[in-house]
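Start at 1 with the first residue, then count along the sequence.
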Amino acid sequence: MTSSDLDSPNTPTGTSPRTGTASSHGKTILIGEHAVVYGAPALVLPVLDAQVTATVTPISTDAAVDGGLPVGHHLESAVHTGPLDLAPAAVMPTVTAVTATLRHFGVTDRHFHVRVDSQVPTARGMGSSAAVAAAVTAAVADALGETLDVETHHALIQECERVAHGRPSGLDARGVVASAPVWFEAGRIEPVELGDRFTFVVADTGVPGHTREAVAAVRERRDQDPDAVDAVIAQIGGLARQARGTLVDGGAQALGATMDAAHELLTALDVSSADLDRLVGAARAADALGAKLTGGGRGGCVLALAADDDHADRIAAALRGAGAAATWTTTIGARA
């Protein structure tokens, strides 16, 4: 869910300067990674505790000159601090978030200092680039005294994602602004109703995921043995449908069993790793209701389902004890 002070009365573009703020969050895949590449459905889960906040402050030409800053946009982030014009390739999606939003509103004569504070790690399958784009585009709009409707916001995030990934599916762009799980199938997104409260722990192996490598490996396996791989893909798609039904009807035990089954299928596709399997094992040893890798695999994160908040704390501690670089807890559904 993207948040900002966009609900305050709009200040027309061109009036007194204002600071814009907005936030977004990470996302993870509950069920469906890799199979979604071949048209199977996927369930996308927001990770509400992994936040990205963008703060956009106007820079006047006089202030920039007096402060010794070059006239133009300025970025402050963990990846790059300095003029946007000198930003490295790694932050070009963030640069695009600023310039595309200004272009959308027809603004050419305003300059901003953009600060990005992100808790979403990069290259972990948590939608880092999309989350930053979501926060920055909304914050720039807010600084202009404008609002972004849902579809315009999505289009701007996707423009940034094309810079980051070439041909994004739209899955990340939807997930990082959603407050509840979303169903993704054949490019279509649907919100998922929730019949119960579900608490998840996400754990970072500390090893970057290798999504491109893993996707290529699955494709090669499919070229060699299409019947076998297609059978696994169909099974993962079936588990995604099963998991959606469980989310709607309630029942954490059943959802956990579905997650366990999905991990075994992904392992059969050779997209797990020793680091992922170690954390999955640690979560299960802590009595997680279910645990699996999440995202592209061969690094990245695992996802575990807890019975309640206290149980989530115990699982998170066990995962950190097993070597997780960081953990996040996210709760969805009734009383979340």
| message | Using 0.5 Å steps for rounding, measure from the CG atom of Asp172 to the SG atom of Cys160. | response | 13.0 Å

| query | If you round to the nearest 0.5 Å, how far is NE2 of His104 from CG of Leu144? | reply | 10.0 Å

| Where the side chain of Thr258 meets the backbone of Ala243, is there a donor-acceptor pair that is under 3.5 Å apart? | no

| Trp183 side chain near Leu43 side chain, heavy-atom distance below 4.5 Å | yes

| said: Can a donor-acceptor pair be found, under 3.5 Å and without considering hydrogens, that links the side chain of His80 to the backbone of Pro83? | reply: yes

| said: Once side-chain hydrogen bond (donor to acceptor under 3.5 Å, both in side chains) is applied, do any residues pair with Asp227, and if so which ones, sequence neighbours excluded? | reply: none

| query | Where do Asp287 and His311 come nearest, in terms of heavy atoms and distance? | reply | O-CE1, 2.9 Å

| task | Check whether any side-chain heavy atom of Phe105 sits under 4.5 Å from a side-chain heavy atom of Val140, and report yes or no. | result | no

| request: Please lay out, stage by stage, how Phe112 and Leu102 fare under the test side-chain contact (heavy atoms from CB on, under 4.5 Å). | output: CA-CA 11 Å; Phe112 295 102; Leu102 292 175; 3.7 Å; yes

| query | Do Leu289 and Leu255 come close enough that some side-chain heavy atom pair is under 4.5 Å? | reply | no

| Which residues share a salt bridge (charged side-chain N to carboxylate O under 4.0 Å, His left out) with Arg241, sequence neighbours left out | Glu185

| Ignoring hydrogens and geometry, is there a side-chain-to-backbone donor-acceptor pair from Thr152 to Leu148 under 3.5 Å? | no

| message | Please check: side-chain N/O of His74 versus main-chain N/O of Leu84, any donor-acceptor pairing under 3.5 Å? | response | no

| About how many Å separate CG of Leu319 and OG1 of Thr327, when rounded to the nearest 0.5 Å? | 7.0 Å

| message | Testing the basics here: between Pro46 and Ser179, what is the closest heavy-atom pair and its distance to 0.1 Å? | response | CG-C, 3.8 Å

| message | So that I can tick it off, tell me whether Asp117 and Arg115 are bridged by a salt bridge, with the cut-off set at under 4.0 angstrom between side-chain N and carboxylate O. | response | yes

| said: So does Gln51 get a backbone contact from the side chain of Gln119, meaning a donor-acceptor N/O pair under 3.5 Å? | reply: yes

| note | d(Glu159 CD, His154 NE2) to nearest 0.5 Å is 12.0 Å

| query | Have Ser129 and Glu161 got a donor and an acceptor in their side chains that come within less than 3.5 Å? | reply | yes

| Between His25 (side chain) and Ala178 (backbone), is there a donor-acceptor pair under 3.5 Å? | yes

| request: Please determine, by modelled atom types, if Ser23 and Thr53 share a side-chain donor-acceptor pair under 3.5 angstrom. | output: no

| task | Please determine if Arg298 and Glu33 form a salt bridge, counting it only when a charged side-chain N lies under 4.0 Å from a carboxylate O. | result | no

| task | Using side-chain hydrogen bond (donor to acceptor under 3.5 Å, both in side chains) as the criterion, list what pairs up with Arg244, not counting sequence neighbours. | result | Glu190

| Quick one: are Leu269 and Val229 in side-chain contact, heavy atoms under 4.5 Å? | yes

| query | Can you name the closest pair of heavy atoms from Gly250 and Asp196 and give their distance? | reply | CA-CB, 3.7 Å

| task | Taking the side chain as every heavy atom from C-beta outward, state whether Met126 and Cys301 have any atom pair closer than 4.5 Å. | result | yes

| said: Are Ile236 and Leu266 packed together at the side-chain level, in the sense that at least one heavy-atom pair is separated by less than 4.5 angstrom? | reply: yes

| task | Could you tell me which non-hydrogen atom of Ile157 sits nearest to which non-hydrogen atom of Ala173, and how far apart they are? | result | CG2-CB, 3.7 Å

| Heavy-atom side-chain contact between Arg222 and Val232 under 4.5 Å | no

| query | Same cluster or not: are Val136 and Leu86 linked, directly or through other Ile, Leu, Val, Met, Phe, Trp or Tyr residues, by side-chain heavy atoms under 4.5 angstrom apart? | reply | no

| Pair Lys292 + Asp260, salt bridge at N-O below 4.0 Å | no

| field | Same apolar cluster: Val215 and Val271, side chain cutoff 4.5 Å | value | no

| task | Determine whether the side chains of Asp277 and His263 contain a donor N or O and an acceptor N or O closer than 3.5 Å. | result | yes

| said: Just checking Glu264: does its CD atom have more than 12 heavy atoms from other residues, nucleotides or ligands closer to it than 6.0 angstrom? | reply: yes

| request: Examine Val201 and Val207 and state if one hydrophobic cluster contains both, with Ile, Leu, Val, Met, Phe, Trp and Tyr joined whenever side-chain heavy atoms are less than 4.5 Å apart. | output: no

| Does the side chain of Thr331 come under 3.5 Å of the side chain of Thr199 through a donor N or O and an acceptor N or O? | yes

| Does the side-chain contact (heavy atoms from CB on, under 4.5 Å) test come out yes or no for Val114 and His73, once each step is laid out? | CA-CA 8 Å; Val114 180; His73 305 297; 5.7 Å; no

| note | OG1 of Thr294 to CG of Leu45, rounded to nearest 0.5 Å, is 8.0 Å

| request: List the atom of Pro208, the atom of Arg124, and the distance in Å for their closest heavy-atom pair. | output: CA-NH1, 3.5 Å

| For the side chain of Thr137 and the backbone of Ala134, is there at least one donor-acceptor N/O pair under 3.5 Å apart? | yes

| request: Mark yes when over 12 heavy atoms from residues, nucleotides or ligands other than Glu76 sit less than 6.0 Å from its CD; otherwise mark no. | output: yes

| task | Take Leu30 and Leu247, measure what side-chain contact (heavy atoms from CB on, under 4.5 Å) needs, and give me the verdict at the end. | result | CA-CA 11 Å; Leu30 178 53; Leu247 290 174; 4.0 Å; yes

| field | Worked verdict on Phe198 versus Thr330 for side-chain contact (heavy atoms from CB on, under 4.5 Å) | value | CA-CA 8 Å; Phe198 298 90; Thr330 190; over 6 Å; no

| query | Is a side-chain donor or acceptor of His34 paired with a backbone partner of Gly32 at a separation under 3.5 angstrom? | reply | no

| Flag side-chain contact, heavy atom, 4.5 Å: Pro181 against Val44 | no

| task | Determine the minimum heavy-atom distance between Ala286 and Ala318, stating which atoms define it. | result | CB-CB, 3.8 Å

| task | Kindly work out whether a path of hydrophobic side-chain contacts (I/L/V/M/F/W/Y, heavy atoms less than 4.5 Å apart) joins Leu293 to Val37. | result | yes

| said: Has Thr246 got a side-chain atom pairing as donor or acceptor with Gln242's backbone, closer than 3.5 angstrom? | reply: yes

| task | Check whether any side-chain N or O of Lys27 sits under 3.5 Å from a backbone N or O of Gly125 as a donor-acceptor pair, and report yes or no. | result | yes

| message | Under 4.0 Å between a side-chain nitrogen and a carboxylate oxygen: does that hold for Arg197 and Asp308? | response | no

| query | What's the spacing between Trp328 CH2 and Thr28 OG1 if we round to 0.5 Å? | reply | 10.0 Å

